[in-house]
Amino acid sequence: MMSAWLPTAPCTPAACVDSARSAAASPMALWAWVVPPSRAVLRLVAVAVVTVTGFALTPLAARLSPARRDRLVRWWCRMVVRAAGVRVRTTGGEAPKGGVLLVANHISWLDIPLLAAVRPARMLAKSEIRDWPVAGAMVARGGTLFIERDRLRALPETVARIAAVLREGAAVVAFPEGSTWCGRARGSFRRAVFQAALDAGVPVQPVRIRYRQHDETTSTAPAFVGDDTLGASLWRVASARGLVAEVDVLRPLEPGTHPDRRGLALAAESATGEGVRRESVSCAAGTGSHVAEDPNQPVRRLTTGPGRWGSGGEAPSRVQGQRPWLREGVGWGTIPPRLRRHRAGGAR
């Protein structure tokens with residue numbers, strides 16, 4: 001059973017996702033931005049063919065030189081996204097060579113191939129995925145680092161394992177929000193994974209991901225949130241007309257520029273949220289508060305309830321089951337003394 005302490009996002013398909021909201025408002029309006037069902041089916045078939053072919057060729061790719069293998073993986077990831085009918089628009093420079101921690105805001109399952117197209121890397125994923133039929137074996141073959149998010153006492157060991165991979169010169173991808181958000185709202189970056197970058201002495205590469213419609217408005221169609229199913233999300237993406245994924249590779253945060261994980265997490269969160277403002281849109285993430293483009297306004301993190309743990313004097317709702325010290329980013333120094341004594345063999 002998953003722990004109630006894990007980060008959660010209040011976004012839901014019914015309240016946040018464009019297709020559901022448009023259909024509820026006006027069934028006729030839905031046809032203005034979706035493709036015919038036959039084209040959506042062809043896109044899904046193309047995604048399946050590209051995905052299966054890529055994993056089938058994994059043993060062959062392993063024989064290539066690292067440079068050629070990385071180019072092949074990046075091309076394949078772009079093809080997966082393009083097969084789904086999504087155009088990719090990438091801006092910014094190259095990610096650093098060698099060990100690097102790539103972090104990004106998290107909206108959709110599309111985020112994974114988009115980040116791999118920036119720099120092939122080992123993903124962090126919850127351990128339950130390893131037991132999924134077909135998909136579990138596929139992601140395990142890709143070198144995924146599985147973590148037990150509901151076992152708090154395993155956190156120091158997990159951080160050490162990530163740091164060891166980074167020291168070996170590999171890239172690791174993480175989504176520090178800990179959950180997917182709809183794209184108009186966003187969460188705070190948890191700190192724990194940034195400790196691995198500090199321990200390994202490697203840079204952090206922030207990446208900002210946004211999804212837009214053909215008219216340049218923010219789209220939540222790719223969002224994979226709440227009780228959404230993978231099948232429903234796949235169909236929604238394949239059915240979308242003129243969907244564009246924007247990937248902004250931002251300036252790396254070099255080792256030594258931030259002395260602790262708190263500062264490093266805040267810097268990465270600020271970078272990925274730069275150039276957004278609030279706009280009034282109906283959403284489960286708050287009382288009509290979302291984020292949208294505006295180069296003159298800073299990002300606003302959405303939280304609920306009074307307190308001292310979130311931005312602007314706000315704190316996470318107890319209904320969401322988030323402990324304040326967990327929201328701040330779990331690290332050994334932030335675990336309550338009662339649990340530290342338990343790990344050390346003391347009384348609970």
Side-chain angles (χ1 to χ4, degrees), residues 54-55 57-78 80 90 92-106 109 111-127 129-130 135-149 154-178 189-207 209 247 249-258 261 264-265 267-268 271-272 331:
F55 279 98
L57 295 177
T58 298
L60 179 63
R63 302 178 183 178
L64 300 176
S65 65
R68 289 186 176 182
R69 183 169 60 248
D70 283 358
R71 284 197 297 270
L72 180 61
V73 170
R74 294 172 67 177
W75 174 82
W76 175 69
C77 289
R78 286 193 293 267
V80 170
T90 304
E94 292 278 338
K97 305 296 183 183
V100 60
L101 177 67
L102 286 89
V103 296
N105 56 305
H106 202 10
W109 51 269
D111 302 344
I112 297 172
L114 287 174
L115 283 181
V118 171
R119 165 86 192 267
R122 300 182 67 175
M123 304 291 303
L124 294 184
K126 57 185 180 181
S127 56
I129 293 179
R130 183 164 37 194
M138 292 172 70
V139 297
R141 182 183 294 184
T144 298
L145 296 170
F146 294 103
I147 57 176
E148 298 181 71
R149 299 196 308 167
L155 182 64
E157 178 184 347
T158 300
V159 171
R161 187 155 54 98
I162 298 170
V165 172
L166 293 170
R167 289 191 193 97
E168 294 172 355
V172 175
V173 166
F175 299 104
E177 287 170 302
F189 277 12
R190 272 66 185 180
R191 307 178 201 163
V193 72
F194 293 94
Q195 186 62 50
L198 290 172
D199 293 346
V202 300
V204 172
Q205 174 63 72
V207 179
I209 299 175
V247 182
V249 183
L250 306 167
R251 179 178 299 179
L253 304 175
E254 298 294 341
T257 55
H258 298 85
R261 62 178 179 267
L264 195 55
T272 58

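- Of all heavy-atom pairs between Val249 and Gly93, the closest is CG1-O, 3.3 Å.
- The distance from the CG atom of Leu102 to the CG atom of Leu115 is 6.5 Å, given to the nearest 0.5 Å.
- Across every non-hydrogen atom of Asn105 and Phe189, the tightest pair is N-CZ, 4.2 Å.
- Taking OG1 of Thr272 as the start and CD of Glu177 as the end, the distance is 7.0 Å to the nearest 0.5 Å.
- Of all the heavy atoms in Arg119 and Ala95, the pair that sits closest is CB-CB, 4.0 Å.
- One distance of note links OG1 of Thr58 with CZ of Arg69; it measures 11.0 Å at 0.5 Å rounding.
- Closest of all the heavy-atom pairs between Ala174 and Val193 is CB-CG2, 3.9 Å.
- Scanning all heavy atoms of the two residues, the minimum distance from Pro113 to Cys77 falls at O-CB, 3.3 Å.
- The two residues Ala104 and Pro176 make their nearest non-hydrogen contact at O-CD, 3.6 Å.
- The distance from the CD1 atom of Ile209 to the CG atom of Leu114 is 5.5 Å, given to the nearest 0.5 Å.
- When atom types are taken as modelled, the side chain of Gln205 and the backbone of Leu253 share no donor-acceptor pair closer than 3.5 angstrom.
- Taking the six-membered ring where the residue is Trp, Phe55 and Trp76 present perpendicular rings, their angle passing 60° and hence far from 30°.
- Not a single salt bridge (Lys or Arg N to Asp or Glu O under 4.0 Å) links Arg161 to another residue, sequence neighbours left out.
- Residues forming a side-chain contact (heavy atoms from CB on, under 4.5 Å) with Val165 (at least two apart in sequence, or on another chain): Arg122, Leu145, Ala170, Val172.
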For a quick test of your reading: what N or O donor-acceptor pairs under 3.5 Å do the side chains of residues 197-204 make, sequence neighbours left out?
residue, atom, partner, partner atom, Å
Asp199, OD1, Gln195, NE2, 2.8

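- Taking Arg251 as the reference, nothing meets the side-chain contact (heavy atoms from CB on, under 4.5 Å) condition, with sequence neighbours excluded.
- Between the CG atom in Leu64 and the CG atom in Leu57 there is a gap of 10.0 Å [rounded to 0.5 Å].
- Shown here are the salt bridge (Lys or Arg N to Asp or Glu O under 4.0 Å) partners of Glu168, two or more places apart in sequence or in another chain: there are none.
- Take Ile112 and apply the side-chain contact (heavy atoms from CB on, under 4.5 Å) test, not counting sequence neighbours, and it matches Met123, Phe175.
- The OG1 atom of Thr257 lies 6.5 Å from the CG atom of Leu264; values are rounded to the nearest 0.5 Å.
- Listed by chain and number, the residues in a side chain to side chain donor-acceptor pair (under 3.5 Å) with Asp70 amount to none (sequence neighbours excluded).
- Partners of Trp109 by side chain to side chain donor-acceptor pair (under 3.5 Å), not counting sequence neighbours, listed by chain and number: Ser233.
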